[in-house]
2 protein chains.
Amino acid sequence: MTQSEENYLKGIYHLSHAGQQSVATNAIAEHMETKPSSVTDMLKRLAEKGLVDYQRYKGVSLTESGAQSALKVIRKHRLWEVFLVEKLDFSWDEVHEVAEQLEHIKSEQLIDRLDAHLDYPDFDPHGDPIPDKDGKFKAREKRLLSSLRPGDTGVCIGVKDSSSPFLRFLDKYGIALGSEISVTAKEEFDDSMAIRLGGQDLQISHQIASNLFVKPNR
Amino acid sequence: MTQSEENYLKGIYHLSHAGQQSVATNAIAEHMETKPSSVTDMLKRLAEKGLVDYQRYKGVSLTESGAQSALKVIRKHRLWEVFLVEKLDFSWDEVHEVAEQLEHIKSEQLIDRLDAHLDYPDFDPHGDPIPDKDGKFKAREKRLLSSLRPGDTGVCIGVKDSSSPFLRFLDKYGIALGSEISVTAKEEFDDSMAIRLGGQDLQISHQIASNLFVKPNR
DNA sequence: AAATAAATTTAGACAAAGCTAAAAATATGT
DNA sequence: ACATATTTTTAGCTTTGTCTAAATTTATTT
Ligand SMILES: [Mn+2]
Ligand SMILES: [Mn+2]
Ligand SMILES: [Mn+2]
Ligand SMILES: [Mn+2]
């Protein structure tokens with residue numbers, strides 16, 4: 001399995017919402033920042049290897065084997081992200097690029113020992129679940145902060161957008177995984193909301209609130 | 001710089017004894033387990049990029065820039081080996097293959113922080129020196145155990161052969177980096193020697209003694 | 001100094017992974 | 001239903017890195 005193949009499988013996995021739906025060629029091309037014709041070529045190779053079900057013009061979906069491979073890559077990516085943050089003091093907005101490379105290192109022993117070294121984490125620094133050796137992971141109840149209503153409270157458990165600018169914005173305002181958030185008001189007009197966290201009151205736009213996952217209390 | 005280019009530079013560096021001598025095409029091919037024609041192709045590409053001095057039929061040598069690049073890869077390889085042994089409890093015969101992959105990860109930040117995390121080690125698990133960011137490393141007085149004479153003593157500080165079978169042999173007989181070794185006798189006939197280490201007496205062949213580096217005591 | 005052997009390079013293929021431009025299939029609007 | 005737009009595929013070309021087989025250069029014998 002080449003790095004490129006692994007990247008395609010991972011991309012298809014995410015675009016298909018964990019292997020549920022089938023995915024369009026153009027969607028893959030956009031996600032991978034490549035051209036649709038290149039995607040078509042790769043889909044043929046992946047189909048040849050039994051990793052995807054592909055009929056031309058009909059979109060593509062992962063086979064069981066393809067999904068398992070994708071999950072292995074995702075497991076590695078997220079474990080490395082934990083390592084970078086926990087052991088090497090990277091901040092959560094600096095880890096993704098490096099993990100994109102590390103996820104392709106081939107060694108069962110390495111990833112098992114890394115997992116143990118990190119004390120078998122369940123979630124990565126962005127709150128995403130880490131699949132175990134068999135590709136299984138814990139699902140958590142999570143809702144977008146934007147779906148809460150005044151009076152509701154919750155704990156921040158993940159981000160939907162994990163781009164550096166967004167993560168740095170959160171750092172700046174002291175919003176981190178584990179933060180207790182209570183919604184004090186919501187503006188009908190632009191869906192912005194007033195929230196209270198750690199003693200301070202903040203006014204956040206809908207764009208922010210709709211990229212933060214919370215575990216609602218109750 | 002591609003992975004393959006990095007591997008060639010590293011190979012040439014080692015074959016040229018740290019950039020001293022020039023290296024033959026066939027020697028590179030054998031070392032890299034590839035064909036001489038493939039080597040010729042690559043040498044042209046490396047010469048094009050100013051990483052080697054190459055004239056056809058005349059062998060090849062690293063430029064200053066090529067040597068620096070090789071040293072960066074070697075630095076990464078050896079730091080990762082230390083990490084695997086110190087932090088993930090790999091044994092010294094298990095690290096090489098994985099380090100061969102990890103050495104190609106591109107991130108200054110990663111390798112600097114790894115270096116700090118490991119407390120700036122000077123030597124890798126096989127006793128080889130780790131170049132610093134500028135490619136400089138500490139040279140140590142080291143001699144082959146086979147060059148010592150009865151009555152001489154020394155500390156084991158490295159291995160010449162770092163293959164798994166040899167390293168496991170050393171483990172089996174309790175020979176490790178840091179071991180105090182004294183030569184009690186030497187057989188003229190086959191150059192085997194009797195040594196004493198950690199209370200026990202051992203008889204070792206010339207093949208063993210000529211693959212162990214020691215720092216002689218006076 | 002030839003003849004022979006060894007080392008090295010060239011020529012021509014191939015696979016992976018990408019691209020552009022053109023063709024074909026599918027979807028949409030009237 | 002038909003024209004148009006969108007999506008997807010095909011065809012053909014490029015680069016990297018490999019290979020085999022043949023040609024060439026250099027080294028070693030006789
Ligand atoms: Mn990531
Ligand atoms: Mn993540
Ligand atoms: Mn090594
Ligand atoms: Mn080593």
Side-chain angles (χ1 to χ4, degrees), chain A residues 1-16 21-62 65-66 69-70 73 97 100-101 103-106, chain B residues 1-16 21-62 65-66 69-70 73 97 100-101 103-106:
Chain A
M1 181 101 65
T2 67
Q3 291 200 190
S4 192
E5 286 172 343
E6 290 187 340
N7 285 333
Y8 273 94
L9 292 178
K10 192 167 57 113
I12 295 168
Y13 182 89
H14 285 132
L15 290 170
S16 68
Q21 296 141 238
S22 99
V23 185
T25 300
N26 275 6
I28 298 171
E30 190 168 349
H31 184 257
M32 314 276 298
E33 300 186 281
T34 183
K35 301 292 167 182
S37 56
S38 305
V39 174
T40 301
D41 286 349
M42 180 56 89
L43 293 183
K44 287 179 189 164
R45 278 192 293 270
L46 294 174
E48 198 61 48
K49 298 189 179 187
L51 296 163
V52 300
D53 289 320
Y54 169 67
Q55 294 158 257
R56 65 203 210 301
Y57 294 105
K58 298 295 183 192
V60 74
S61 60
L62 294 174
S65 153
S69 296
V73 179
E97 258 190 272
E100 282 294 314
Q101 298 178 63
E103 71 188 4
H104 301 293
I105 302 291
K106 282 160 186 50
Chain B
M1 180 103 63
T2 67
Q3 290 200 190
S4 192
E5 286 172 343
E6 290 187 339
N7 284 333
Y8 273 94
L9 291 179
K10 190 167 57 115
I12 296 168
Y13 182 89
H14 285 131
L15 290 169
S16 68
Q21 297 141 239
S22 99
V23 185
T25 301
N26 275 7
I28 298 170
E30 190 168 348
H31 184 256
M32 314 277 297
E33 299 185 284
T34 184
K35 302 292 167 181
S37 56
S38 305
V39 174
T40 301
D41 285 350
M42 179 57 88
L43 293 184
K44 287 179 190 165
R45 278 193 291 271
L46 293 175
E48 198 61 46
K49 298 189 178 188
L51 296 163
V52 299
D53 289 319
Y54 169 69
Q55 294 158 257
R56 64 202 212 304
Y57 294 106
K58 298 296 183 190
V60 74
S61 59
L62 293 175
S65 152
S69 295
V73 179
E97 259 191 272
E100 283 293 314
Q101 298 179 63
E103 72 188 4
H104 301 294
I105 302 291
K106 281 158 187 53

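In what follows, chains are A, B, ... by sequence order, proteins preceding strands, each numbered from 1. Worth saying up front: this structure is predicted, and the values here are computed from it rather than measured.
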Next on the checklist: Do B:Val60 and B:Ile28 have side chains that approach each other closer than 4.5 Å (heavy atoms only, starting at C-beta)?
Outcome noted: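 Touching, per the 4.5 Å side-chain cut-off.
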Apply side-chain contact (heavy atoms from CB on, under 4.5 Å) to [X] and list each qualifying residue two or more places apart in sequence or on a separate chain.
X: B:Glu100; value: B:Asn7, B:Lys10, B:His77, B:His96, B:Glu103
X: B:Ser16; value: B:Val23
X: B:Lys106; value: A:Gln101, B:Glu6
X: A:Ala47; value: A:Val52, A:Tyr54

Tabulated below should be each protein N or O lying under 3.5 Å from an N or O of nucleotides 22-29 of chain C; please produce it.
from, atom 1, to, atom 2, distance (Å)
C:dA25, O4', A:Tyr57, OH, 3.3

Could you pull out the closest heavy-atom pair between [X] and [Y], with the gap in Å?
X: B:Leu62; Y: B:Ala70; result: CD1-CB, 4.4 Å
X: B:Gly66; Y: B:Leu9; result: O-CD1, 4.2 Å
X: A:Ala27; Y: A:Leu15; result: O-CD1, 3.8 Å
X: B:Asn26; Y: B:Pro36; result: OD1-CG, 3.3 Å

Checklist entry - Under the side-chain hydrogen bond (donor to acceptor under 3.5 Å, both in side chains) test, which residues partner B:Lys49, sequence neighbours left out? => result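 B:Glu5.
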Next on the checklist: So if I take the C1' atoms of five pairs at each end of the helix from C:dA1-D:dT30 to C:dT30-D:dA1 and get each local axis, what angle do the two axes make, rounded to 10 degrees?
Outcome noted: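 Rounded value for the end-axis angle: 10°.
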Item to check | Stretch residues 21-32 of chain A: residues that reach within less than 4.0 Å of DNA chain D through a heavy atom | outcome: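 Listed by number, they are A:Ala24, A:Thr25, A:Asn26.
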Pairs under 3.5 Å (N/O, protein and nucleotides 16-20 of chain C):
from, atom 1, to, atom 2, distance (Å)
C:dA17, OP1, A:Thr2, OG1, 2.4
C:dA17, OP2, A:Arg45, NE, 3.2
C:dG18, OP2, A:Ser4, OG, 3.4
C:dG18, OP2, A:Tyr8, OH, 3.4
C:dC19, OP2, A:Thr34, OG1, 2.7
C:dC19, OP2, A:Lys35, N, 3.1
C:dC19, OP2, A:Ser38, OG, 2.6
C:dT20, O4, A:Ser37, OG, 2.9

Next on the checklist: So, taking the atom named CZ in A:Arg56 and the one named OG1 in A:Thr25, what distance separates them when rounded to the nearest 0.5 Å?
Outcome noted: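 With rounding to 0.5 Å, CZ (A:Arg56) is 12.5 Å from OG1 (A:Thr25).
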Item to check | Nearest-0.5 Å distance that lies between atom CZ in B:Arg45 and atom OG1 in B:Thr2 | outcome: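 Here the interatomic distance stands at 7.5 Å.
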Next on the checklist: Would you say CD of A:Gln21 has more than 12 non-hydrogen atoms from neighbouring residues, nucleotides or ligands within 6.0 angstrom?
Outcome noted: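 Yes - once you tally the heavy atoms of other residues, nucleotides and ligands closer than 6.0 Å, there are more than 12.
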Checklist entry - Which nucleotide of DNA chain D is the first, and which the last, in the 5' to 3' direction, to come under 4.0 Å of a heavy atom belonging to chain B? => result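 Listed 5' to 3', the contact boundaries are D:dG17 to D:dT26.
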Checklist entry - Can you list the residues that meet the salt bridge (Lys or Arg N to Asp or Glu O under 4.0 Å) rule with A:Lys35, with sequence neighbours excluded? => result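 Salt bridge (Lys or Arg N to Asp or Glu O under 4.0 Å) check on A:Lys35 returns nothing, list empty.
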Checklist entry - Which is it for A:Met1 and A:Leu51 under the side-chain contact (heavy atoms from CB on, under 4.5 Å) test, yes or no, and what are the steps along the way? => result CA-CA 10 Å; A:Met1 181 101 65; A:Leu51 296 163; 4.1 Å; yes
